Amino acid sequence: QDLPPFTEDCRSDAYPPPVKDKVGTYVLNLDQAPEDRWTGLVKPLTEKLIVLIQDIKDLVGIFVNETKAVDYLDELLAPMADTFPEPYPGELKGIANATGIPLGQVILYNVFYEVFTV
Amino acid sequence: CTSLVVEDKTGDLFHARNLDFGLFLGWDAKNSTWALTERLRPLIINVDYQQGGKTVGKGVHFAGYVGMITGMKPGVLSLSMNERFQAEGGFIGIIEWVLGQRDGQWMGFVLRDAVVKATDFNSTLQYLTSVDLLAPGYIILGGNSTGQGAIITRSIGTKADDVKMLNPSNGTWYLVETNYDNWESPPFFDNRRAPATKCMNTMTQANVGLKGIFNVLSTKPVRNLLTTYTALMHVRSGTLDTYLQYCPQPCFPW
């Protein structure tokens, strides 16, 4: 199309994609307590989550003192959990417990869409 | 992001989306990729919501993010949400929330509840057109019957600026939504709508299916450096297939 090689003619060969790229499935049992239902998914991915959130913190650090900002965010955002509708407070606290990531940062990750629209 | 909701000649509906994220959130010069986008990809997972051992919803998540921005209720409807850039963005909603004004709701939570509790396309369409939101966005909805496809253009608060519907009988057999209001031309520097439209017309309605719409979403620049996954949804069969997407250079940065 218009700007090769950054654009291309309409693909007709992309499907099926490689099996290795197919995403797995996690069963979220809503009969389980909110605090426990995500643990089976997030606990094994703790390192990857920490790296992701560290990336966001590093970006914050470009503009302000990272340590202070992160402490402030934790202090500001953690209490927000209890203002969310059920079952989200329990789910977010459960993820924080399972991964060891501070609750404020788990909340930042979960409201990032609202933040990012700026 | 790019979302498609498409009706084939038999009145069957397909919904698919590219999830693009990570713009300007760190550039990895060594690999010429957006840093956050690469961090997000390993966290992508399909989630099968079950109650009493029965599936009541399906969604595509970044692990740890409990809201839903891509999902479906098998047999009932499919949903995807694309970001809308507005001066009155989500940050204002957050400030209102922190200051104690709690009638607005968080996008990911609202959409997850709407999908899991959905009974039909029309009541869900009405709800998502008016629910009080803290952030703007485009909510793309697909159903299980002919004509059940919509792009709901939402501002913050209870305002919907526009609802564009599928209308196969007058030739609107598909809807494309990227990140710009559908009644205006997208900016010249980020026009993924034209290539997507061109490829949909090249495919034609006769060839609508998971394969055809995956090919459209895999075509550069609809697929770009920010694209983390493509999700394919077919409500009648309850199919939600998600595939990681990459865009090796040379590739559009967004």
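Throughout, a chain's letter reflects where its sequence line sits, starting with A, and its residues are numbered from 1. Worth saying up front: this structure is predicted, and the values here are computed from it rather than measured.
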- Query: Which bit of T202(B) is near chain A, if near means a heavy-atom gap under 4.5 Å: side chain, backbone, both or neither?
  - Reply: side chain
- Query: For F62(B), is it the side chain, the backbone, both or neither that has a heavy atom under 4.5 Å from a heavy atom of chain A?
  - Reply: both
- d(I45(B) CD1, L28(A) CG) to nearest 0.5 Å is 11.5 Å
- Task: Mind ranking I95(A), T83(A), V106(A), V51(A) by heavy-atom pairs under 4.5 Å with chain B and telling me who comes out on top?
- Result: T83(A)
- Task: Select, from G24(A), A96(A), P18(A), P16(A), the one with the greatest count of heavy-atom pairs under 4.5 Å involving chain B.
- Result: G24(A)
- Minimum heavy-atom distance Y243(B)-P17(A), with the two atoms named: CD2-CG, 3.1 Å
- Side chain, backbone, both or neither of R223(B) within contact of chain A (heavy atoms, under 4.5 Å): side chain
- Query: To the nearest 0.5 Å, how far apart are CG in D55(A) and OG1 in T37(B)?
  - Reply: 10.0 Å
- Measure V60(B) against the heavy atoms of chain A and call it side chain, backbone, both or neither at under 4.5 Å. neither
- To the nearest 0.5 Å, how far apart are OG1 in T7(A) and CG in N191(B)? 11.0 Å
- Note on the structure: Okay, N207(B) and chain A: the region with an atom under 4.5 Å from a heavy atom over there is neither
- Looking only at non-hydrogen atoms, find the nearest pair between L43(B) and L52(A) and report the distance. CD1-CD2, 3.7 Å
- Message: Is M81(B) close to chain A through its backbone or its side chain, or both, or neither, when contacts mean heavy atoms under 4.5 Å?
- Response: side chain
- Item | Shortest non-hydrogen separation from K198(B) to C10(A) and the atoms involved | C-SG, 4.2 Å
- Under the 3.5 angstrom rule, does the side chain of E83(B) hit a backbone N or O of Y113(A) as a donor-acceptor pair? no
- Taking L49(A), D31(A), L41(A) one by one, which has the highest count of heavy-atom pairs under 4.5 Å against chain B? D31(A)
- Has the side chain of D48(B) got a donor or acceptor atom that lies under 3.5 Å from a matching backbone atom of T25(A)? no
- Query: Parallel under 30°, tilted from 30 to 60°, perpendicular over 60°: which one fits the rings of Y49(B) and W38(A)?
  - Reply: perpendicular
- E114(A) side chain vs A135(B) backbone, donor-acceptor pair below 3.5 Å: no
- Query: What are the two closest heavy atoms between F109(B) and Y88(A), and how far apart are they?
  - Reply: O-OH, 3.3 Å
- Note on the structure: The reported gap from CG in N224(B) to CZ in F6(A) (rounded to nearest 0.5 angstrom) is 12.5 Å
- Query: Can you say whether I69(B) sits under 4.5 Å from chain A via the side chain, the backbone, both, or neither, judging by heavy atoms?
  - Reply: neither
- Drop me the distance from L36(B)'s CG to I53(A)'s CD1, to the nearest 0.5 angstrom. 10.5 Å
